[in-house]
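Please read the structure below before turning to the comments.
Fair warning: this is a prediction, and the values are worked out from it, not measured in the lab. Residues: numbered from 1 along the sequence shown.
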Amino acid sequence: MDIALFGQPKSGKTSIVKVIFNKMSPQQTLLLDATQKVETTQIKINSFNHAFNVYDTPGKFSPGQLNYKSIGVAIFVLDVQNEQHDAAIEDFTAVMTEIAKANSQVRYLVLFHKIDMDAEERKDDNFKSVKERLKEELDAANLKLVNIEYQQTSIYDHSIFEVFSRVIQRVVPNIQYVDSLLDSLNSKCRFEKIFLFDIYYKLFVGTDTSPVDSQNYAICSDMIDVYLDVSSIYGDQGGEQAGDNMAESLIKLSDAILYLKQVERHLVLVAKIKENNYDRPFLIDYNIEIFRQGLKAILDMRRPGEKKPLN
């Protein structure tokens, strides 16, 4: 399944793709030209040996420019700084109508984007009013989209990475089994929160089922940067930045410990744990080894979507 981004010109679609998948800094995106045609970026999540396409569509998008049958998630990017949302909402409704005719399994995501530039007191009001307006349009078009959700994002903080982590989990086969393993590991190790990150894209491919707190996500994500920076200075001189399956790192916070453990060439566990719960690190190491074995069983699945029992 692929991912497609839609939206008005300069709504931020290309910036999102470049920041997440091409490692472009948010500041550099200010120099990007408007997209004139459908741009395709092929992404491979190496740990799961799965590739998919991300389609960045032009603002003046016409139905028929894209094969909707391959799309798993359709993302509509709405610039919250643009006071005139009517045209965007009409375009979204038209595209959703076309997609629904071709593929009833698509999930829809509406991003209220560039919230970093919106006044704090206006964010919720804008979010609510535009959401209601879009719902009215969809109802008028007789679209019953049960798989539609709304998020507020910016490329200048972690919000866009958090949202796209969830998107990735919808298009990569077998990834849904990871959360169950993380729940088990979380309870045995007494972690407050745990994430399994793709080390290259900094997207989490799994987390335990407790609610994701944005602050916890941000500090866990930032720890990957610290780890990679230190590894590049003191690690293997052969240049294998992400190859040591035994790599481990700890950072002590005022009230907790951040724990990082590399469990596969492209995957790292990052967890937050209270300091008084980090009293038996050898048990954490043991339970992570059990987790690693279960994860290997998931990664070795050859037929996407097959529900094999894990021994």
Leu228/Ile199 under side-chain contact (heavy atoms from CB on, under 4.5 Å): CA gap, chis, key distance, verdict: CA-CA 9 Å; Leu228 291 178; Ile199 200 168; 3.8 Å; yes
side-chain hydrogen bond (donor to acceptor under 3.5 Å, both in side chains) between Tyr177 and Asp179, intermediate numbers included: CA-CA 6 Å; Tyr177 302 117; Asp179 287 357; over 6 Å; no
Verify same cluster id: [X], [Y] (apolar side-chain graph, 4.5 Å):
X	Y	value
Val226	Leu267	yes
Leu283	Tyr278	no
Tyr259	Ile290	no
Leu32	Val19	no

Kindly say whether [Y] contributes a backbone atom to a donor-acceptor pair with the side chain of [X] at under 3.5 angstrom?
X	Y	result
Thr29	Pro26	yes
Lys13	Gly7	yes
Glu289	Tyr286	no
Gln169	Ser165	yes
Thr93	Ile89	yes
Gln36	Ala34	yes
Gln215	Ala218	no

I need the minimum non-hydrogen distance between [X] and [Y], along with the two atoms involved.
X	Y	answer
Asp79	Ser11	CB-CA, 4.0 Å
Asn103	Tyr108	O-OH, 4.4 Å
Leu299	Ser47	CD2-O, 3.4 Å
Ile273	Arg190	CG1-O, 3.6 Å
Lys69	Ala102	CG-O, 3.8 Å
Val171	His50	O-NE2, 3.2 Å

Just wondering, more than 12 heavy atoms not from [X] lying within 6.0 Å of its [atom1]?
X	atom1	answer
Gln105	CD	no
Tyr156	OH	yes
Lys18	NZ	no
Lys23	NZ	yes

Whether Phe76 and Phe92 hold their rings parallel, tilted or perpendicular, with breakpoints at 30° and 60°: tilted
Salt-bridge present ([X], [Y]; N to O < 4.0 Å):
X	Y	answer
Glu162	Arg166	no
Asp139	Lys135	yes
Glu149	Arg170	yes
Glu275	Lys252	yes
Asp91	Lys60	no

Nearest 0.5 Å, what's the [atom1]-[atom2] distance between [X] and [Y]?
X	Y	atom1	atom2	answer
Ser70	Asp2	OG	CG	4.0 Å
Ile257	Asn277	CD1	CG	9.5 Å
Ile71	Asn67	CD1	CG	7.5 Å
Met24	Thr14	CE	OG1	9.5 Å
Leu109	Leu5	CG	CG	9.0 Å
Phe164	Ser159	CZ	OG	11.0 Å

So, do [X] and [Y] sit near enough that their side-chain heavy atoms are less than 4.5 Å apart?
X	Y	answer
Val178	Leu295	yes
Leu182	Phe191	no
Leu185	Ile288	yes
Thr41	Asp56	no
Val268	Val270	yes
Leu253	Leu258	yes
Val106	Val73	no
Phe195	Val205	no

Check against side-chain contact (heavy atoms from CB on, under 4.5 Å), Asp198 and Ile168: CA-CA 11 Å; Asp198 179 280; Ile168 294 301; over 6 Å; no
Tyr150 vs Val130, side-chain contact (heavy atoms from CB on, under 4.5 Å): CA-CA, chis, key distance, verdict: CA-CA 10 Å; Tyr150 305 84; Val130 177; over 6 Å; no
Steps toward ring pair (Phe, Tyr, Trp, His ring centres under 6.0 Å) verdict (Tyr217, Phe204): CA-CA 9 Å; Tyr217 168 73; Phe204 66 87; 5.5 Å; yes
Evaluation steps, side-chain hydrogen bond (donor to acceptor under 3.5 Å, both in side chains), between Asn216 and Lys272: CA-CA 8 Å; Asn216 279 342; Lys272 184 179 179 183; 3.0 Å; yes
Trace of the side-chain contact (heavy atoms from CB on, under 4.5 Å) decision for Val167 with Ile75: CA-CA 9 Å; Val167 171; Ile75 301 174; 4.3 Å; yes
Chi angles and distances behind the side-chain hydrogen bond (donor to acceptor under 3.5 Å, both in side chains) call for Lys193, Asn186: CA-CA 7 Å; Lys193 188 65 184 175; Asn186 200 39; over 6 Å; no
Residues Asp183 and Thr209: side-chain donor-acceptor under 3.5 angstrom: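 Yes.
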